[in-house]
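Because the structure is a prediction, the values reported are computed rather than measured. We name chains A, B, ... by the order of the sequence lines, and we start the count at 1 in each one.
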Protein chains: 2
Amino acid sequence: MSKSKRLMELMMAVNRKRKFTVKELAQEFGVSSRTILRDLQELSELGVPLYSEVGPHGGYQVLRERILPPIAFTEDEAVSIFFAVHALRHYASLPFESESSAALSKFYYYMSGDTRDRIDQMKNRVDFVTPERQISAPYLSILLDAAIQQKVLLIDYESRDKRTIHDIQPIGIYSRNGLWYCPAYSFHHQEVRTFRCDRMHSVAPSDMEALDLSHIHLENREVITRTDQEHIALYAELTRKGVKMYEAEPWPVLNMQTREDGSGWLEGKILTSDIPYFASFFIGLGHEVTIKEPSELLACIQSTLSELMDKYG
Amino acid sequence: MSKSKRLMELMMAVNRKRKFTVKELAQEFGVSSRTILRDLQELSELGVPLYSEVGPHGGYQVLRERILPPIAFTEDEAVSIFFAVHALRHYASLPFESESSAALSKFYYYMSGDTRDRIDQMKNRVDFVTPERQISAPYLSILLDAAIQQKVLLIDYESRDKRTIHDIQPIGIYSRNGLWYCPAYSFHHQEVRTFRCDRMHSVAPSDMEALDLSHIHLENREVITRTDQEHIALYAELTRKGVKMYEAEPWPVLNMQTREDGSGWLEGKILTSDIPYFASFFIGLGHEVTIKEPSELLACIQSTLSELMDKYG
DNA sequence: ATAATTATGACAATCCTTGTCACTATTATC
DNA sequence: GATAATAGTGACAAGGATTGTCATAATTAT
């Protein structure tokens, strides 16, 4: 193997391992230790941040930065990466250390001139918008950490009507439409609930013993948690226009089906406690929706309407 | 300069240039042409996709892929890039050739083992959700292209109530809440309007002369276009609960201010044609909002309500 | 035709690379 | 304090790789 090839592979190897010894690499590459030492010095000169310690359990390490070996990206790939990261700028809070803008400028800086030109042209023409919020969610990384390490947290939470302090065991966090949510097992409610991260006034480690929820994560939490709660079937007809309106603002739990003529219907099971929200929602759809069931929803809509008539009458 | 170092720099050089000749590089690196030829062959063997043509105006080219030189990313940077690109998977349509999943796996593949472990742990614990849509928008790249190159397009568009064919000159495209929008100058309406990309039935190049709108882009379009349209002032009081409800679903044109006690108010200028939408929206907020002006909006809410009373009464 | 370009082969001079050996220095562990 | 594991340096000779030069071919736009 030629030296240059070995250097490239060496670069990948030291990236893969966090720690390694000269002897180890010498055997792996089938060259002498002396050669590896010389190679490592050369890598060092090329910018790979190597650090070494002598003595037993000593060895080499790659510091802070990890050098990615020459990755081949197509221009399109580079462009999509750029815009994906660029879209993160809309977020007031992120669960990472948020050095993504640093990453972005590095990426941008190393791109070939004409790819950069293309990006510059596109910069003001494409965007992934997320509503800009004043609200910040400072505890994202703590929550994420707890979810990964299966730890219990004590939170001071302000819900719609009251403020309580209780223990939760986070399952994960996700952002939707600019807000961060945290599905978590609530020891107080004895079930999985979703909390708004910006409504947490404080988050601290708790002494409580964690449950084994490692098999529950963001993708499957609904399947698992939606068993022992009060659900009720919903069925509603949509006009052609109603279909379009619903498409613009769908609810994850309601499944929409369309017919050939453009009309359609909604089916799904909803939480009884969510009925008031669905009531507002369907009122917004006006004549374009006709609710068949549940009757509880119809009743709720009627009472909401008559209250509103009093207000606006 | 050692050969390995030269190869690395050569790799960067051929990335920077799109096209180059052997002689050119030979002079730049101060070696003979023969050496450069040998080096290029070696680069080729290392995976750089080089292509050459003989004859005058011939020369070397780097194909499709651009090799990024060894970029140093910190672990945090790599992680944020990963999740930013990962979030794109929610989009049914993208304006790029959508090789982002390929880019992602490359990126993932080359990362060090423990960064990969960290990502694996986080994968099911963090997400940037965008509502999944069945609707696809196949014309995104054409629209984007037209916006960049300032071209006029003839579109077959289905709006809320009718289907028309007319000329537009796109300003850009953006996605919001899972749907793609295209602000564009409409020759038919003689003003800038925003179109839903999924409602375009066809998009084709038009023969019309393009206007000079190069100074208008996504960031400034509102400032410029909001001059000669029918606007009307809106002012509404929000209760404490109303403030929280509005935060979850804000409208870009309405500015919310809060008081110390948690209550607040909304101010802004709205399009008269949008009044029906605001009516539905404020009905959804129920008792938590009190509209002061415009009276047109109040009237619209009243008529909507009485219609609904007929339906649900 | 001509000039510009890539492409390939041969060869000798030279430069670089490699392994070996000898040695030093540091440090964790017994 | 001895020992073993580790990095680090220097010297040297053998062998291998690299380089420039030259010759020559092939292709193609002008």
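Listed by residue number, there are no residues of residues 24-33 of chain B with a heavy-atom contact under 4.0 Å to DNA chain C.
Ring-plane geometry between B:F195 and B:H166 is classed as tilted, the angle between the planes lying from 30 to 60 degrees on a 0 to 90 degree scale.
Atoms OH (A:Y51) and P (D:dA7) sit 13 Å apart, rounded to a whole Å. Rounded to a whole Å, the CE atom of A:M1 is 15 Å from the P atom of C:dT17. As rounded to whole Å, 13 Å separates atom C1' of C:dG9 from atom CG of B:L37. Distance, B:L40 CG to C:dT6 C1': 11 Å, rounded to whole Å. Look at CD on B:Q41: it is 6 Å from P on C:dT8, rounded to the nearest Å.
Residues forming a salt bridge (Lys or Arg N to Asp or Glu O under 4.0 Å) with B:D39 (at least two apart in sequence, or on another chain): B:R6.
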With 3.5 Å as the limit, what N/O pairs link the protein to nucleotides 26-30 of chain D?
none

Pairs: protein N or O with nucleotides 14-18 of chain D N or O, under 3.5 Å:
| unit_1 | atom_1 | unit_2 | atom_2 | d |
| --- | --- | --- | --- | --- |
| D:dT18 | OP1 | B:K3 | NZ | 3.0 |

Show me the donor-acceptor pairs within less than 3.5 Å that the side chains of residues 22-36 of chain B make with the rest of the protein, sequence neighbours left out.
| unit_1 | atom_1 | unit_2 | atom_2 | d |
| --- | --- | --- | --- | --- |
| B:E24 | OE1 | B:T21 | N | 3.1 |
| B:E24 | OE2 | B:K17 | NZ | 3.4 |
| B:E28 | OE1 | B:K17 | NZ | 3.1 |
| B:S32 | OG | B:T35 | N | 3.3 |
| B:S32 | OG | B:T35 | OG1 | 3.0 |

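In this structure, the side chain of A:R89 engages the main chain of A:H86 through a donor-acceptor pair within 3.5 Å. A donor-acceptor distance shorter than 3.5 angstrom exists from the side chain of B:Q169 to the backbone of B:L211, with no hydrogens or angles considered.
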Evaluate the criterion side chain to side chain donor-acceptor pair (under 3.5 Å) for residue pair A:Y108 and A:D120; output intermediate values, then yes/no. CA-CA 10 Å; A:Y108 181 77; A:D120 284 335; 2.8 Å; yes
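Salt-bridge annotation for B:R125 and A:D145: absent, with no side-chain N of the basic residue lying under 4.0 Å from a carboxylate O of the acidic one.
When the local axes at the two ends of the helix from C:dA1-D:dT30 to C:dC30-D:dG1 are compared, using 5 base pairs at each end, they differ in direction by 40° after rounding to 10°.
Taking side-chain N and O atoms only, A:S52 has a distance below 4.0 Å to OP1 or OP2 of D:dG8.
Side-chain proximity of B:R34 to the nucleotides D:dG10, D:dG8, D:dC22 is greatest for D:dC22.
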